[in-house]
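The block underneath contains the structure these notes are about, expressed in C-alpha cells.
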There are 2 protein chains.
Amino acid sequence: MINKTRSLSLLKKAGLKVTSPRLSVLNVLASSKKGHLSAEDIYKELLESASDIGLATIYRVLSHFQKVKLVSSLNFSSGRTVYEMEKGEHHDHLVCLQCGIVEEFMDSEIEQRQLNVAKKYQFTLTDHSLTLYGICKKCAKEHTRINSKISNS
Amino acid sequence: MINKTRSLSLLKKAGLKVTSPRLSVLNVLASSKKGHLSAEDIYKELLESASDIGLATIYRVLSHFQKVKLVSSLNFSSGRTVYEMEKGEHHDHLVCLQCGIVEEFMDSEIEQRQLNVAKKYQFTLTDHSLTLYGICKKCAKEHTRINSKISNS
DNA sequence: CTTAATGCAAACCGTTTGCATAGAT
DNA sequence: ATCTATGCAAACGGTTTGCATTAAG
C-alpha cells in the first residue's frame with residue numbers, strides 16, 4: 001500500500017500496461033517485510049487487502065515481470081518458486097530451514113572462483129545458483145531453549 | 001546390467017531387502033553413462049530392458065536409497081529431481097542448458113568461503129547447493145556451426 | 001476501437017499415497 | 001508365517017492454459 005505511485009512509475013518505465021493486478025503484485029513484493037514470496041503468499045496477502053485477483057493472474061503477472069527484469073525467481077529446496085524484486089546487483093542466498101527467513105549475501109571471491117571453474121571445464125557460464133541452508137541465529141536460540149527444557153524435565 | 005552382483009552386495013550392506021526393482025534401479029544408476037537421472041529417465045530405461053516396474057516403485061526405491069545414503073538427489077532449474085550415486089565426496093555441479101550434461105566439480109576455496117559467510121550471518125550451516133549453468137564446449141561448437149550456416153544462407 | 005490482461009475452471013506434470021497382492025526373509 | 005515391497009490408479013500441489021469477458025491505450 002505504501003508506494004502506489006512508485007509501482008506505477010516502475011510499470012510505465014518497463015513499458016507495461018498499468019492494471020490493478022499488476023500494481024497490487026508489485027506493491028506486495030516491494031513492501032512485504034519478507035522480501036521473498038511465493039505466488040500463493042502474494043495471493044493470500046492480496047485476498048486480505050480485498051483485492052479481487054486470481055491466482056492464475058498472479059502467475060501471469062510474475063512471469064511478465066520477469067521478462068522485463070522487474071522481478072527474479074528462485075527455487076529453494078521447498079519446491080515452490082519464490083520471487084523477489086530485482087535490485088540490479090547479483091547476490092546469493094542463505095535460507096533458514098526452520099523459519100524460512102532468507103538472507104542475501106555476495107562474496108566476490110566465490111564469484112571469481114566460479115568463473116575459474118567454468119573456464120576450466122570449458123563452459124560458457126550463463127547463470128548460477130548458490131544457496132546455503134541452515135538454522136538462523138534466532139531459531140538456534142529457540143532450539144537451545146527447547147532442548148534445555150526437555151533435558152530439565 | 002553390468003554389475004548385478006555389485007548391486008546385490010550394496011543392497012545387503014545397506015541392510016535393505018533385495019528385490020528386483022531395487023536391483024534394477026541401482027544398476028541403471030550405477031551404469032548409465034549420464035550419471036544424473038530423473039525417476040522418469042530410469043523408468044524409461046527399465047521399460048526397454050523389459051523389466052516390469054512401476055513409476056511409483058521407482059520413486060519409493062529412490063527415496064529409500066536416499067535414506068540409507070546410497071543415492072542423493074538434486075534439483076536443477078528444470079524442475080524435475082535427478083538422482084546420482086552417492087560417492088562419498090562432496091561436489092557441486094555444472095549443467096549444460098542445451099544438452100543437459102552434468103559435470104561435477106569441487107573447489108575447496110569456495111567451500112571455505114561458504115563457511116565464512118555462514119559464520120558472518122550467524123547461520124548454522126547444514127547444507128548448500130551450488131550449480132553453474134551454461135553451455136558446454138560441445139554445444140558451443142554446435143552453436144557456432146549453426147550460426148555460420150544461417151549467416152551463409 | 002483494438003489488442004492485451006483478467007478470472008475462472010479445467011488441464012498439466014512431477015510426485016505421493018491407499019489399497020489389495022506378491023514376494024523376501 | 002510375517003511383514004515389507006510392489007503395481008495400479010487415484011490424489012496431490014504447484015503451475016499453466018483455453019476461453020469468454022473486461023479494461024487499457
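Per chain, numbering begins at 1; letters A, B, ... match sequence-line order. Atoms considered below: every heavy atom in the structure, side chains included; atoms not considered: hydrogens, waters and symmetry mates.
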For [N], does either OP1 or OP2 sit under 4.0 Å from a side-chain N or O belonging to [X]?
X	N	answer
Thr57(A)	dG7(C)	yes
Ser38(A)	dG14(D)	no
Tyr59(B)	dT15(C)	yes
Ser63(A)	dT16(D)	no
Arg60(B)	dT6(D)	no

On DNA chain C, compare the nucleotides closest to Leu16(B) and Gly79(B); which residue's is nearer the 5' end?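 This one resolves to Gly79(B).
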Both Lys12(B) and Ile53(A) contact DNA chain C. Taking the nearest nucleotide for each, which residue is further toward the 5' end?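 This one resolves to Ile53(A).
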Between Arg113(B) and Glu109(B), is there a side-chain N and carboxylate O pair less than 4.0 Å apart?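 Counted as a salt bridge, because a side-chain N and a carboxylate O are separated by less than 4.0 Å.
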Distance in angstrom units between [X] [atom1] and [N] [atom2], rounded:
X	N	atom1	atom2	result
Asp52(A)	dC8(C)	CG	P	6 Å
Arg80(B)	dT15(C)	CZ	P	7 Å
Lys17(A)	dA5(C)	NZ	P	5 Å
Tyr43(A)	dT15(D)	OH	P	14 Å

- Query: Looking only at heavy atoms, which two atoms of Ala14(B) and Leu70(B) are closest? And how far apart?
  - Reply: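 Reported closest heavy-atom pair: CB-CD1, 4.3 Å.
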*asked:* Centre-to-centre under 6.0 Å for His128(B) and His93(A), is that the case here?
replied: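 Ring centroids of His128(B) and His93(A) are no less than 6.0 Å from each other.
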**Study point:** Sidechain-backbone polar pair: Asn27(B) side chain, Ser24(B) backbone, donor-acceptor under 3.5 Å
**Key:**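 The answer is no, because no donor-acceptor pair under 3.5 Å joins these two groups.
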**OP:** Tell me what Thr81(B) touches on the nucleic acid: a base, only sugar-phosphate, or nothing, going by heavy atoms under 4.0 Å.
**Re:**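 Result for Thr81(B) = sugar-phosphate.
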